[in-house]
Colleague: 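Structure provided below as structure tokens; questions to follow.
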Amino acid sequence: MMVKRHGFLFGLLAVSITVYADVGEIAFAPRISPRNFRAPFTVAEGWGTFSQSIRDKQMQAKLEPKWGSLVVGQTTLDPGKVDMRKVVVTCDGKPLAAAVDMIENNAVVRLEAPVQLQENQELRLVLVPYEEETSNVKTEQFPSSRNKQ
């Protein structure tokens, strides 16, 4: 686990987490059960949960602050050996402009504008290979943990 600049992070042996809190960068690289993973994270301004699922050449990841807040402008994920080239990002169901680049087998997702997640908000990322259509991505793998009325 590496913590950079003003970020403070709690990490488990099961996951490598890197945070550049002052510039909104966070990275996750689960090592135990990366195809179906969930773990807590903490930063100086809050804490929450991170989860990811990899199925049928599709990767889904979700960040949910449970207390405090978290600024996210870039997220780096490890999709295994799948070359992800398209991404759909939503915050509480609202689409966010984003792009993905593969750098050293990691998917680096850059948001057009950083977003500040408050407690109980959800940032969802769905990544697919270039040949897949993002209009057909399946997001039901991560049902909302909040009661929507």
Side-chain angles (χ1 to χ4, degrees), residues 1-55 58-80 82 84-128 132 134-135 137-149:
M1 175 181 79
M2 293 175 35
V3 178
K4 302 289 184 186
R5 299 187 184 153
H6 297 92
F8 170 74
L9 219 337
F10 165 76
L12 302 172
L13 292 176
V15 64
S16 171
I17 303 171
T18 305
V19 174
Y20 294 86
D22 57 339
V23 293
E25 296 179 17
I26 190 164
F28 296 92
R31 297 297 172 231
I32 296 176
S33 301
R35 298 184 68 72
N36 188 19
F37 183 83
R38 183 179 165 122
F41 70 87
T42 65
V43 292
E45 297 82 20
W47 59 270
T49 59
F50 166 77
S51 54
Q52 78 174 34
S53 174
I54 303 171
R55 292 190 186 110
Q58 179 175 300
M59 178 179 198
Q60 294 195 30
K62 182 170 66 169
L63 280 165
E64 288 184 281
K66 300 295 184 183
W67 181 86
S69 65
L70 170 67
V71 175
V72 179
Q74 176 177 302
T75 304
T76 302
L77 304 169
D78 181 356
V82 181
M84 300 298 185
R85 292 297 174 173
K86 290 188 177 183
V87 64
V88 174
V89 180
T90 60
C91 181
D92 281 345
K94 297 175 186 153
L96 300 176
V100 62
D101 291 308
M102 291 299 295
I103 301 173
E104 297 179 5
N105 295 321
N106 290 311
V108 179
V109 178
R110 292 180 181 90
L111 300 179
E112 186 174 277
V115 63
Q116 182 163 5
L117 298 174
Q118 301 298 326
E119 54 190 74
N120 296 319
Q121 284 189 305
E122 297 176 345
L123 183 70
R124 292 177 184 238
L125 303 96
V126 181
L127 297 100
V128 295
E132 299 288 325
T134 54
S135 61
V137 296
K138 301 171 189 164
T139 58
E140 70 274 1
Q141 291 173 332
F142 286 126
S144 178
S145 60
R146 294 175 291 146
N147 294 330
K148 295 194 177 189
Q149 299 176 357

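Everything numeric in this text was worked out from a predicted model, so none of it was measured.
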Colleague: For the residue pair Val115 and Cys91, what are the closest heavy atoms and their distance?
Modeller: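 Minimum heavy-atom separation between Val115 and Cys91: CG2-SG, 4.2 Å.
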
Colleague: State, yes or no, whether a side-chain contact exists between Glu45 and Pro65 at a heavy-atom distance under 4.5 Å.
Modeller: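 They are not in side-chain contact.
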
Colleague: Got Leu70 and Leu123 here, is their nearest side-chain heavy-atom distance under 4.5 Å?
Modeller: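 No - every pair of side-chain heavy atoms lies 4.5 Å or more apart.
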
Colleague: Could you pull out the closest heavy-atom pair between Gln116 and Gln121, with the gap in Å?
Modeller: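 Taking Gln116 first and Gln121 second, the nearest heavy atoms are O-OE1, 3.5 Å.
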
Colleague: Minimum heavy-atom separation for Pro79 and Ala107, please, with both atom names.
Modeller: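 In this case the closest contact between Pro79 and Ala107 is CD-N, 3.8 Å.
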
Colleague: Please name the pair of heavy atoms, one in Ser69 and one in Val43, separated by the smallest distance, quoted to 0.1 Å.
Modeller: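 Here Ser69 and Val43 meet closest at O-CG2, 4.0 Å.
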
Colleague: Can you name the one residue among Val108, Leu127, Leu77, Thr75 that meets side-chain contact (heavy atoms from CB on, under 4.5 Å) with Val100?
Modeller: Leu127

Colleague: Calculate, to the nearest 0.5 Å, the distance between atoms OG1 and CD belonging to Thr90 and Glu122 respectively.
Modeller: 8.0 Å

Colleague: Can you measure from CZ (Arg38) to OG (Ser33) and round to the nearest 0.5 angstrom?
Modeller: 14.5 Å

Colleague: Atom CD of residue position Glu119 - does it have more than 12 heavy atoms of other residues, nucleotides or ligands inside 6.0 Å?
Modeller: yes

Colleague: Assess the residue pair Arg31 and Asp78 against the criterion (side chain to side chain contact (heavy atoms under 4.5 Å, CB included)); give the C-alpha distance rounded to whole Å, side-chain angles, the decisive distance to 0.1 Å, and a yes or no.
Modeller: CA-CA 10 Å; Arg31 297 297 172 231; Asp78 181 356; 3.0 Å; yes

Colleague: Could you give the distance from CZ (Arg110) to CD (Glu25), rounded to the nearest 0.5 Å?
Modeller: 8.0 Å

Colleague: Atom CD1 of Ile54 and atom CD of Gln58: how far apart are they, to the nearest 0.5 Å?
Modeller: 11.0 Å

Colleague: For residues Pro114 and Val71, report the shortest heavy-atom separation together with the two atoms involved.
Modeller: CB-CG1, 4.2 Å

Colleague: First locate atom CD of Glu64, then atom CH2 of Trp47, and finally report the distance between them rounded to the nearest 0.5 Å.
Modeller: 10.5 Å

Colleague: Any non-hydrogen side-chain atom of Thr49 less than 4.5 Å from a side-chain atom of Lys66?
Modeller: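 Thr49 reaches Lys66 side chain to side chain.
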
Colleague: For Met102 versus Met84, what's the shortest heavy-atom pair and its separation?
Modeller: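 Heavy atoms only, the tightest pair is CG-O, 3.1 Å.
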
Colleague: When you measure from the side chain of Gln52 to the backbone of Pro34, do you find a donor-acceptor pair of N or O atoms at a distance under 3.5 Å?
Modeller: yes

Colleague: Any idea how Phe41 and Phe28 line up, ring-wise: parallel (<30°), tilted (30 to 60°), or perpendicular (>60°)?
Modeller: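 Perpendicular.
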
Colleague: If I take atom OG from residue Ser53 and atom CD from residue Gln60, how far apart are they, to the nearest 0.5 angstrom?
Modeller: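 So the gap between those two atoms works out to 6.5 Å.
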
Colleague: So does Asn105 have more than 12 non-hydrogen atoms from other groups sitting under 6.0 Å from CG?
Modeller: no

